[in-house]
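The basis for the numbers below is simple: all heavy atoms, side chains too, and nothing from hydrogens, waters or symmetry mates.
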Amino acid sequence: MSGTEYSDRQELEAEIKDSGKKIESLGEEQKDHQEDLESLQEKLQILKRSKGIYTESDSKLVQKIEVAVQARETSVETCKEKIGEVKNQMESKLENLKQSINKVDTRIAQMENLLDSLNHKSDQVTVNINNEIQQQKDDSEDAKEKGDSLKEIIQIAGGLATGAGVAAGGIAQLLMSLQSIGIIR
């Protein structure tokens, strides 16, 4: 949604779907990193609780796992940052869409006023204006529905981007919510 105008409904829907897919992909990546992180943290705790025969060997293994934990934590944070960037882009797109909808709604009101001011209510011009008004209303309603879907995607992205210490199961739940949005699937 680079601008505020689209050639048709499908173009708007495609852009929203694309944003949703980006969030879904980044969320899946985040979930994978989070699962690895949780597994490594669990292994690290087990290792620290039950000492082996050789302390030097244990120490090296603990260090390696701690490095892996840090790498996974960094990967999770990187995913969150990328999701945050996409979320910010979507918020900007949503604001542009709202402005466009407001302009269309204003235009509809102007067309209805024009129609009311015409003397010959049954001629072809009036019929054409009525058809255009109905088309504009349909387009506005469709854009509002797509805007609502975009809002839902933004909320889910916000959950993924700001979820401090969200377990992999929580991330999976957010991704399922994303998939349940009709426009995505």
Side-chain angles (χ1 to χ4, degrees), residues 1-4 6 10-101 143-185:
M1 291 185 280
S2 50
T4 57
Y6 305 94
Q10 288 77 21
E11 183 181 356
L12 173 59
E13 185 172 324
E15 286 213 33
I16 293 171
K17 194 178 288 191
D18 183 52
S19 295
K21 295 278 186 200
K22 285 179 188 174
I23 294 298
E24 182 178 25
S25 174
L26 288 167
E28 286 288 343
E29 184 179 336
Q30 180 182 350
K31 181 178 76 75
D32 291 344
H33 291 307
Q34 186 66 36
E35 286 172 345
D36 287 348
L37 175 62
E38 291 169 11
S39 175
L40 286 168
Q41 288 172 330
E42 185 180 313
K43 287 177 176 83
L44 184 60
Q45 291 303 318
I46 291 170
L47 221 94
K48 286 181 176 181
R49 275 183 283 175
S50 58
K51 301 288 182 189
I53 298 173
Y54 303 109
T55 56
E56 188 175 319
S57 174
D58 283 353
S59 177
K60 286 181 182 179
L61 187 55
V62 165
Q63 285 177 334
K64 287 180 182 180
I65 293 176
E66 286 174 340
V67 167
V69 165
Q70 289 175 335
R72 291 304 181 272
E73 287 172 342
T74 300
S75 295
V76 168
E77 288 305 312
T78 299
C79 285
K80 286 180 180 183
E81 289 171 9
K82 289 178 182 178
I83 289 169
E85 290 169 9
V86 174
K87 177 184 172 280
N88 289 340
Q89 292 169 0
M90 289 187 305
E91 287 172 334
S92 174
K93 293 172 188 182
L94 180 60
E95 190 56 40
N96 289 339
L97 182 60
K98 286 178 182 178
Q99 290 173 3
S100 293
I101 290 169
K144 287 174 186 174
E145 288 172 10
K146 287 179 173 75
D148 290 342
S149 294
L150 187 57
K151 235 184 277 187
E152 289 180 57
I153 295 169
I154 289 169
Q155 289 173 341
I156 292 167
L160 290 169
T162 60
V166 175
I171 294 170
Q173 201 58 29
L174 286 169
L175 291 173
M176 286 175 52
S177 297
L178 181 63
Q179 294 168 353
S180 71
I181 298 172
I183 201 166
I184 301 299
R185 291 284 169 210

Enquirer: Could you pull out the closest heavy-atom pair between H33 and C79, with the gap in Å?
Expert: CD2-SG, 3.8 Å

Enquirer: Looking at CD of E28 and CD1 of I23, how far apart are the two atoms once the value is rounded to the nearest 0.5 Å?
Expert: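 With rounding to 0.5 Å, CD (E28) is 12.5 Å from CD1 (I23).
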
Enquirer: Flag the pair L160 / L26 as yes when at least one side-chain heavy-atom distance between them is below 4.5 Å, and no otherwise.
Expert: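 Side chain of L160 against side chain of L26, heavy atoms only: no contact under 4.5 Å found.
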
Enquirer: Can you name the closest pair of heavy atoms from L47 and V62 and give their distance?
Expert: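 Smallest heavy-atom distance, with atoms named: CD2-CG2, 3.3 Å.
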
Enquirer: Is a donor from one side chain sitting under 3.5 angstrom from an acceptor on the other, for K43 and S39?
Expert: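 K43 vs S39: donor-acceptor pair found between side chains.
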
Enquirer: So do I46 and S50 actually touch side chain to side chain, heavy atoms under 4.5 Å?
Expert: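 Yes - at least one pair of side-chain heavy atoms lies under 4.5 Å apart.
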
Enquirer: When rounded to the nearest 0.5 angstrom, what is the spacing between CD in Q89 and NZ in K22?
Expert: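 The distance works out to 6.0 Å.
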
Enquirer: On a heavy-atom basis, which atom in S19 and which in K93 lie closest, and how many Å separate them?
Expert: OG-NZ, 3.5 Å

Enquirer: Taking C-beta and beyond as the side chain, do M90 and L94 meet within less than 4.5 Å on heavy atoms?
Expert: no

Enquirer: Enter the distance from K21:NZ to I16:CD1 here, rounded to the nearest 0.5 Å.
Expert: 14.0 Å

Enquirer: Checking K80 against E77 for the salt bridge (Lys or Arg N to Asp or Glu O under 4.0 Å) test, could you report, in this order, the C-alpha distance in whole Å, the side-chain angles of both residues, the deciding distance, and whether it holds?
Expert: CA-CA 5 Å; K80 286 180 180 183; E77 288 305 312; 3.6 Å; yes

Enquirer: How far does CG of D148 sit from CG of L97, to the nearest 0.5 angstrom?
Expert: 9.5 Å

Enquirer: Quick one: CG on D32 to CZ on R72, what's the gap to the nearest 0.5 Å?
Expert: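 It is 10.0 Å, given to the nearest 0.5 Å.
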
Enquirer: Find the distance between CD (E91) and CG (L150) and round it off to the nearest 0.5 Å.
Expert: 9.0 Å

Enquirer: For the backbone of Q70 and the side chain of T74, can you confirm whether one donor and one acceptor N or O come within less than 3.5 Å of each other?
Expert: yes

Enquirer: What heavy-atom pair brings I83 and A161 nearest, and what distance separates the two atoms?
Expert: CG2-CB, 3.9 Å

